[in-house]
Amino acid sequence: PLLRIDVVTIFPEYLDPLRAALLGRAIERGLIEVNVHDLRDWTHDVHRAVDDAPYGGGPGMVMKPQVWGDALDDVCDEATRLVVPTPAGRPFTQDMAHAYAAEEHLVFACGRYEGIDQRVIEDAARRMPVDEVSIGDYVLVGGEAAVLVIVEATARLLPGVLGNPVSAEQDSFSDGLLEGPSYTRPEVWRDLAVPEVLRSGNHALIDRWRRDQALQRTVRRRPELLDRLPEGSLDHHDLAV
Ligand SMILES: CN1CCN(Cc2ccc(Cn3ccc4ccc(-c5n[nH]c(N)c5C#N)cc43)cc2)CC1
């Protein structure tokens with residue numbers, strides 16, 4: 001496959017959506033290989049314990065290092081990049097999705113409770129690249145949803161995974177602005193009409209209108225993106241918007 005993915009979690013069924021739709025077909029076609037492992041398969045005790053009380057006190061439980069250490073020893077190899085979702089992680093970005101799409105083997109460690117004993121990450125970092133990443137500034141209950149997000153954003157960049165091959169520059173964030181509105185038939189729906197310009201056939205005008213819409217939407221919803229635009233990417237007409 002282009003990319004091998006292993007996920008370790010105490011809720012393996014949470015990753016079932018990876019096998020649906022386009023991603024599922026990419027797996028069937030051998031473009032991507034996805035293996036999901038139940039962390040409890042590496043527990044040592046009759047209670048199959050994966051967590052314990054935090055040193056130093058505090059709320060909740062922490063995931064035991066021994067269980068994770070044994071699991072990662074079996075699942076990781078010389079080509080592995082270990083990705084650990086965590087609220088305290090580096091923000092996951094489109095650039096990271098491109099980097100992950102170029103990898104050979106990704107292993108995702110899904111934490112639950114208050115997270116995984118930090119020594120698991122420290123120990124892994126001795127023999128492989130390890131990324132602690134966050135998918136956004138909101139609080140989840142575990143890492144599984146983040147893995148679904150990261151895998152989707154990464155897999156869609158692999159050649160052949162999606163029907164229409166995406167090109168980096170066509171991706172919405174690539175020209176630095178948000179996507180503008182889209183329309184399709186019927187021309188009027190619940191007395192809402194499609195903007196005239198889009199039916200004019202005047203493609204210079206259409207392109208200009210679409211850029212204006214993207215610019216207005218970006219100013220309204222994500223003004224901070226405008227600071228990141230490359231120098232001179234807004235012409236005098238844009239600035240008049
Ligand atoms: C008093 N304490 C209370 C706990 N908080 C911190 C905290 C610690 C763990 C969890 C639950 N959890 C366990 C593993 C795990 C992985 C990813 C994510 C995650 N959340 N949001 C993202 N963007 C994520 C990603 N990616 C959450 C996870 C929630 C909140 C500090 C203050």
Side-chain angles (χ1 to χ4, degrees), residues 3-18 23 32 34-43 47-76 80-103 105-125 128-157 172-173 178 221-222 224-225:
L3 175 61
R4 262 186 315 125
I5 294 172
D6 285 274
V7 186
V8 183
T9 167
I10 57 172
F11 295 120
E13 70 280 6
Y14 205 107
L15 283 299
D16 287 351
L18 287 180
L23 270 187
I32 313 170
V34 175
N35 298 300
V36 180
H37 310 270
D38 185 339
L39 178 69
R40 291 192 198 279
D41 292 351
W42 285 276
T43 49
H47 302 294
R48 307 188 77 197
V50 294
D51 64 307
D52 198 345
Y55 273 112
M61 303 291 272
V62 175
M63 299 188 94
K64 299 167 65 67
Q66 307 97 320
V67 183
W68 271 108
D70 291 350
L72 296 180
D73 285 353
D74 285 355
V75 173
C76 299
T80 301
R81 172 175 290 273
L82 179 63
V83 181
V84 186
T86 163
R90 190 159 53 103
F92 179 67
T93 63
Q94 188 68 11
D95 285 347
M96 288 166 76
H98 279 284
Y100 288 177
E103 291 286 345
H105 186 215
L106 296 174
V107 172
F108 292 92
C110 295
R112 283 269 159 166
Y113 308 99
E114 298 306 305
I116 302 172
D117 186 300
Q118 193 62 30
R119 291 170 292 180
V120 174
I121 283 97
E122 279 171 52
D123 171 61
M128 73 191 86
V130 181
D131 287 346
E132 291 183 79
V133 296
S134 167
I135 61 165
D137 291 338
Y138 37 81
V139 183
L140 303 172
V141 182
E144 288 78 6
V147 171
L148 293 177
V149 165
I150 294 167
V151 168
E152 179 167 319
T154 301
R156 69 181 284 275
L157 298 173
S172 55
F173 285 172
L178 300 181
R221 299 181 184 173
R222 297 289 303 277
E224 79 282 4
L225 289 181

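Sequential numbering from 1 along the given sequence is applied to the chain's residues. Atoms within a ligand are numbered from 1 in the order they appear, just like the ligands themselves.
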- Item | Qualifying residues under side-chain hydrogen bond (donor to acceptor under 3.5 Å, both in side chains), relative to Thr154, sequence neighbours excluded | none

- Item | Non-neighbouring partners of Thr43 that pass side chain to side chain contact (heavy atoms under 4.5 Å, CB included), sequence neighbours left out | Arg40, Asp45, Arg48, Val50, Val67

- Item | Nearest-0.5 Å distance that lies between atom CG in Leu148 and atom SG in Cys110 | 8.5 Å

- Select all protein residues for which some heavy-atom-to-ligand 1 distance is less than 4.0 Å, and list them by chain and number. Pro85, Thr86, Pro87, Gly111, Arg112, Tyr113, Glu114, Val133, Ser134, Ile135, Gly136, Tyr138, Val139, Leu140, Val141, Gly142, Gly143, Ala146

- Task: Decide yes or no on side chain to side chain contact (heavy atoms under 4.5 Å, CB included) for Trp68 and Val84, but give the supporting numbers first.
- Result: CA-CA 12 Å; Trp68 271 108; Val84 186; over 6 Å; no

- Working for side chain to side chain contact (heavy atoms under 4.5 Å, CB included), residues Phe108 and Leu15: CA-CA 11 Å; Phe108 292 92; Leu15 283 299; over 6 Å; no

- Listed partners of Asp74 passing side-chain hydrogen bond (donor to acceptor under 3.5 Å, both in side chains), at least two apart: Trp42

